[in-house]
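What follows is a short report on a single structure.
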There are 2 protein chains.
Amino acid sequence: MVEYKDTDEDLSLILKAASDPTRRALLTMLVQQGPTRVTDLAANFDLSLNSVSKHIRILETAKLVERKTIGRTHLISANLAPINLIDQWFNNLRSIWDLRLDKLDSLLTKETDDD
Amino acid sequence: MVEYKDTDEDLSLILKAASDPTRRALLTMLVQQGPTRVTDLAANFDLSLNSVSKHIRILETAKLVERKTIGRTHLISANLAPINLIDQWFNNLRSIWDLRLDKLDSLLTKETDDD
DNA sequence: CCAATATTCAACCCTTTGGGTGAATAAAAT
DNA sequence: ATTTTATTCACCCAAAGGGTTGAATATTGG
């Protein structure tokens, strides 16, 4: 049976957070504009402020954004660092892939040697 | 207002497909073992065959796996190509980020020149 | 103190998702 | 021809997602 490591949970959160187009758009805006208030972010969407607030919370849980609260205004800023976890996952997959192809290759070479 | 491009839909599918740990485990197995039958994949999980079959369908929709049907057996194989879309998205974000930092930097430099 | 502003909390609605079971289909084996 | 094997289809269910509205909270401005 396959068990899931705890680090996988972070990756799941990040991928799920990134899988929604509204949240990706939010991230893009933040990356372009730097720290931005929730209200100003929401102004760009045809969505209630509440909805945008929830999306931000989800990005925050995945640590893709950070919040700096100054009085009543919450400044949200992007944090791209966690995306490296995706990269790691992908690179790991690729290396496993390459490993298998190497084995296949040496098998074929052996057969050729046997000729 | 922000509108969403059609290519974004592919990216959403890929990220959502990848966001589930069972599906990532399936991908890993496929990358390790090469083309594998649905039943053999399912044997590694404490899940019904049906459930695994559904996960595979989702991966297939995201084009992260391919299916080759030979008689009654369906051989599933990994296809890592779509993950490059994630990479592209990320690199795009980073370049936007760098652009903004450059602008900030030149602003600060200007101010220094004014001294 | 009072009004306006910025944001979240709480409740509610659909729709989607991830799981299950049992039947259907199709191919292989006996 | 019948049974076994491989897989999906059709439902069902509980939980999670993404959206809404209205109230609550907290801070700022007059």
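Checking side-chain atoms of A:Thr109 against main-chain N and O of A:Asp105 turns up a donor-acceptor pair under 3.5 Å. One N or O on the side chain of B:Arg23 and one on the backbone of B:Ala17 form a donor-acceptor pair closer than 3.5 Å. Put simply, the side chain of B:Asn91 gets close to the backbone of B:Asp87: a donor and an acceptor are under 3.5 Å apart.
With no hydrogens or angles considered, a side-chain donor-acceptor pair links A:Arg24 and B:Ser12 at under 3.5 Å.
Here D:dG19 presents its C1' atom at 15 Å from CD1 of A:Ile56, a figure rounded to the nearest Å. In this structure, A:Asp40 places its CG atom 8 Å from P of C:dA6, rounding to the nearest Å. The CD1 atom of B:Ile76 sits 8 Å away from the P atom of D:dT7 (whole-angstrom rounding). Spacing between atom CZ of A:Arg57 and atom P of C:dA10 amounts to 11 Å, rounded to whole angstrom units.
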Protein-to-nucleotide contact annotation, 5' to 3' order, nucleotides 15-23 of chain C [B base; S sugar-phosphate only; - none; under 4.0 Å, heavy atom]: --SSBBBB-

Sort me out a list of protein N/O and nucleotides 25-30 of chain D N/O pairs below 3.5 Å, or just none if empty.
| unit_1 | atom_1 | unit_2 | atom_2 | d |
| --- | --- | --- | --- | --- |
| D:dT27 | O2 | A:Arg72 | NH1 | 3.0 |

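Distance check, rounded to the nearest 0.5 Å: CD of A:Gln32 to CD1 of B:Ile96 gives 5.0 Å. With values rounded to the nearest 0.5 angstrom, B:Lys16 atom NZ is found 11.5 Å from B:Leu11 atom CG. To the nearest 0.5 Å, atom CG of residue A:Asn44 and atom OG1 of residue A:Thr28 are 11.5 Å apart.
Side chains of B:Lys63 and B:Ile14 form no contact here, defined as non-hydrogen atoms less than 4.5 Å apart.
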